[in-house]
Chemist: 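One structure follows; several queries about it will come next.
Chain identifiers are assigned alphabetically (A, B, ...) following the order of the sequence lines, protein sequences preceding nucleic acid strands; residue numbering begins at 1 within each chain.
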Protein chains: 2
Amino acid sequence: MAGPRASVAAHEVLAVIFQVRQQRLSVLLWRRARPPYEGAWVLPGGRLGATEGLDESIRRQLAQKVDVRDLTHLEQLETRGDPERHPADRTLATSYLGLVPADTDPATPEDTAWHPAPDPPPMGFDHAAIMRAGRRRLRAKLSYTNIGFALAPREFTMSELSGYYRAALGHDVAATNLRRVLLRRGQIEETGESVPSGRSGGRPAALFRFRARELEITDAFAVLRPPSRE
Amino acid sequence: MAGPRASVAAHEVLAVIFQVRQQRLSVLLWRRARPPYEGAWVLPGGRLGATEGLDESIRRQLAQKVDVRDLTHLEQLETRGDPERHPADRTLATSYLGLVPADTDPATPEDTAWHPAPDPPPMGFDHAAIMRAGRRRLRAKLSYTNIGFALAPREFTMSELSGYYRAALGHDVAATNLRRVLLRRGQIEETGESVPSGRSGGRPAALFRFRARELEITDAFAVLRPPSRE
DNA sequence: TCAAAAGTGTTCCATCTACACCCATGT
DNA sequence: ACATGGGTGTAGATGGAACACTTTTGA
């Protein structure tokens, strides 16, 4: 009945930080300075402190180590504990998905860089798989939540917003329909302002904002919804 | 720049095991024999072994401790690491969602029992919150995946199946529409057999089975789907 | 022949995509 | 004027809910 002897594994927290940069979904990676996987790129993070909560820890590490403080969204992704995932010591890793709005440019240190999420450089450990899990999560949530608020600046035109969606989803998103879908769902509203057209002319674009800046599920029960009348 | 001293927290794995029993969604709980939370109900689980993976560990503990071996589905839920979640020592917990089909009756030991998931007894630690997370996950996945296969026996009539859905979702599910939805999505198929009607008469019910017995997403892109033509 | 349970046909409705067309602005 | 980009109107497609009706059985 007694199981194997209890583990005192190290625990680390990691973050998949996405931002839309130049129309592409980008992920913040860190270059490893020492073995194992020296020279490979890894997700930012580090050891869980003795008295920290998990969320607290990843926020601290992002602030201290890669100077990312203005996350608009952060949620837990998954925990990996395969004994083989770290070649030397046993290490469990809890990963997070974090989003940075497109209009900020966090001053990240020398050894970190933004990489295209669809086509990342060689990554150490199981971090490539974790990053893919983050992308899947983001894509799924764009469909049924208001998570777009975390990718977009506070105010934006519809064509800008459709650019963020396109980058994150990996396929075209028609601004004209996106506008109606998000308006109907009550996710966005017009600010009343508009942006003067550029040098090539065109009608000035209206400015929108997300009505909430916290994650909300706006399209639950896409199917198998409860009966409308009791 | 240096963070707090690294933690050597204990790590445990827990499982939210659901089964539909007598038309109700039920969760398998364990009665704690010693403090803290002596006498309260908790999720089954235990310490992660030094050389085990997380999935491996929860499977082992369920088999050893509550004699649950025939899980049709198991997936990771979340990891909690709040320093306050365990009154004495620091303990991280990774939880899983596990499903047992309605036609099995695992022989569980004395100190465990099935409880109604919507109305559980007082639970220790943060286990009530974890259980709710499991319910939410199950409900959501019933909507867009074939996860019903894990609640239902291998073969079933549509009215039985709608009973499992009703129990898990907490609202009525019309067998007639469920049939068409799941057929259209290719989740289920007729076996060709049928069940003789009971003593009160009625047309014999056709038997169905799920076509796959692994989780598949059958209704991704409910919205914001990629353009059909390039 | 009647009640009961399963299954089918059909209508309605919500919601998304596609696309033609209209609007406001710069050159 | 006309090119350019934004915005509106609308038709079509999809897919699920509701519900009346039909089918098949037992008593």
Side-chain angles (χ1 to χ4, degrees), chain A residues 23 142-145 148 155-163 165-166 169 171-208 217-230, chain B residues 23 142-145 148 155-163 165-166 169 171-208 217-230:
Chain A
Q23 310 286 339
L142 279 170
S143 234
Y144 67 92
T145 73
E155 304 196 339
F156 47 83
T157 67
M158 283 316 298
S159 69
E160 286 162 4
L161 187 64
S162 85
Y165 273 71
R166 179 182 310 114
L169 290 172
H171 63 74
D172 266 13
V173 176
T176 174
N177 288 331
L178 184 64
R179 169 205 183 90
R180 267 181 292 211
V181 169
L182 298 188
L183 279 173
R184 171 164 31 199
R185 293 184 180 177
Q187 286 191 24
I188 60 173
E189 64 190 3
E190 281 191 79
T191 67
E193 310 282 299
S194 63
V195 167
S197 46
R199 52 203 159 295
S200 59
R203 178 169 168 172
L207 278 174
F208 291 80
I217 294 175
T218 59
D219 200 45
F221 304 117
V223 291
L224 301 177
R225 58 179 75 99
S228 46
R229 331 184 310 186
E230 295 300 306
Chain B
Q23 310 287 339
L142 279 171
S143 233
Y144 67 92
T145 73
E155 305 196 338
F156 47 83
T157 66
M158 285 314 300
S159 70
E160 286 162 2
L161 188 64
S162 84
Y165 274 72
R166 179 181 311 114
L169 291 172
H171 63 74
D172 265 13
V173 177
T176 174
N177 288 330
L178 183 63
R179 169 205 183 90
R180 267 182 292 212
V181 169
L182 298 188
L183 279 173
R184 172 166 29 197
R185 294 184 180 176
Q187 285 191 24
I188 61 173
E189 63 190 2
E190 282 191 79
T191 66
E193 310 282 300
S194 63
V195 167
S197 46
R199 52 206 161 291
S200 60
R203 179 170 169 171
L207 278 174
F208 291 79
I217 294 174
T218 58
D219 200 45
F221 303 117
V223 293
L224 301 177
R225 57 179 76 98
S228 46
R229 328 182 316 183
E230 295 299 306

Chemist: Restricting to nitrogen or oxygen on both sides, can you table the protein-nucleotides 2-4 of chain D pairs closer than 3.5 Å?
Modeler:
{"unit_1": "D/dT4", "atom_1": "O4'", "unit_2": "A/Ser200", "atom_2": "O", "d": "3.4"}
{"unit_1": "D/dT4", "atom_1": "O2", "unit_2": "A/Gly202", "atom_2": "N", "d": "2.9"}

Chemist: Can you give me the closest heavy-atom contact between B/Thr218 and B/Gln187, atom names plus distance?
Modeler: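 Of all heavy-atom pairs spanning B/Thr218 and B/Gln187, the closest is OG1-NE2, 2.8 Å.
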
Chemist: Give a yes/no on whether any side-chain N or O of A/Arg180 is located under 4.0 angstrom from OP1 or OP2 of D/dT8.
Modeler: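 Checking D/dT8 against A/Arg180, no side-chain N or O comes under 4.0 Å of OP1 or OP2.
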
Chemist: One pair to check against side chain to side chain contact (heavy atoms under 4.5 Å, CB included): A/Glu190 and A/Arg179. What are the steps and the verdict?
Modeler: CA-CA 10 Å; A/Glu190 281 191 79; A/Arg179 169 205 183 90; 4.2 Å; yes

Chemist: Whole Å only: how far is the CG atom of B/Leu183 from the C1' atom of D/dG16?
Modeler: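 Going from CG in B/Leu183 over to C1' in D/dG16 covers 14 Å.
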
Chemist: Once hydrogens and angles are ignored, does a donor-acceptor distance under 3.5 Å link the base of D/dG15 to the side chain of B/Arg185?
Modeler: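 Flag unset: no donor-acceptor pair detected.
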
Chemist: Nearest to the A/Pro204 side chain among D/dT8, D/dA18, C/dT25, which nucleotide is it?
Modeler: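 When the side chain of A/Pro204 is considered, C/dT25 is the closest of D/dT8, D/dA18, C/dT25.
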
Chemist: Could you tell me which non-hydrogen atom of B/Asp172 sits nearest to which non-hydrogen atom of B/Arg166, and how far apart they are?
Modeler: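 The pair with the smallest heavy-atom distance is OD1-NE, 3.2 Å.
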
Chemist: Would you indicate which nucleotide in C/dT25, D/dG6, D/dA17 comes nearest to any side-chain atom of A/Ala205?
Modeler: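 Closest nucleotide among those given: D/dG6.
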
Chemist: With nearest nucleotide decided by heavy atoms, which residue, B/Asn177 or A/Thr176, maps closer to the 5′ end of DNA chain C?
Modeler: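 Going by which nucleotide is closer to the 5' end, it is B/Asn177.
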
Chemist: Please determine if a side-chain N or O atom of B/Arg184 lies less than 4.0 Å away from the OP1 or OP2 oxygen of D/dG16.
Modeler: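 So the side chain of B/Arg184 is within the cut-off, an N or O lying under 4.0 Å from OP1 or OP2 of D/dG16.
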
Chemist: Taking only the side-chain heavy atoms of A/Val181 (C-beta and beyond), determine which of C/dT17, C/dG7, C/dT8 contains the nearest atom.
Modeler: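 The closest nucleotide is C/dT17.
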
Chemist: How close do A/Arg185 and A/Ser143 get, heavy atom to heavy atom, and via which atoms?
Modeler: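 Closest pair (atom of A/Arg185, atom of A/Ser143, distance): NH1-O, 3.0 Å.
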
Chemist: Base, sugar-phosphate, or nothing: which does A/Ala175 touch, judged by heavy atoms less than 4.0 Å apart?
Modeler: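 Result for A/Ala175 = nothing.
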
Chemist: If you look at every strand shown and take non-hydrogen atoms under 4.0 Å, does B/Ser197 touch a base, only sugar-phosphate, or nothing?
Modeler: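 Sugar-phosphate contact only - B/Ser197 comes under 4.0 Å of backbone atoms but never of a base.
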
Chemist: Just call it for A/Ser194: base, sugar-phosphate, or nothing, with non-hydrogen atoms closer than 4.0 Å on any strand.
Modeler: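 Answer is nothing: A/Ser194 stays at 4.0 Å or more from every strand.
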
Chemist: Looking at every strand, decide which applies to A/Ala174 at a 4.0 Å heavy-atom threshold: base, sugar-phosphate, or nothing.
Modeler: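 No contact at all - A/Ala174 keeps every heavy atom at 4.0 Å or more from the nucleic acid.
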
Chemist: Nearest whole Å is fine: how far is C/dA6 P from B/Arg179 CZ?
Modeler: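 Checked: the CZ to P distance equals 11 Å.
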
Chemist: Between atom CG in A/Leu207 and atom P in D/dG5, what is the gap in whole Å?
Modeler: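 These atoms are roughly 18 Å apart.
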
Chemist: Just call it for A/Thr157: base, sugar-phosphate, or nothing, with non-hydrogen atoms closer than 4.0 Å on any strand.
Modeler: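 No contact.
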
Chemist: For A/Tyr165 and A/Leu178, what are the C-alpha separation, side-chain angles and deciding distance, and is it a side chain to side chain contact (heavy atoms under 4.5 Å, CB included)?
Modeler: CA-CA 9 Å; A/Tyr165 273 71; A/Leu178 184 64; 4.0 Å; yes

Chemist: In whole Å, I'd like the distance from the CG atom of B/Leu178 to the C1' atom of C/dT8.
Modeler: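 Those two atoms, CG and C1', are 16 Å apart.
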
Chemist: Which pair of heavy atoms, one from B/Leu183 and one from B/Glu189, lies closest together, and at what distance?
Modeler: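 The pair with the smallest heavy-atom distance is CD2-CA, 4.3 Å.
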
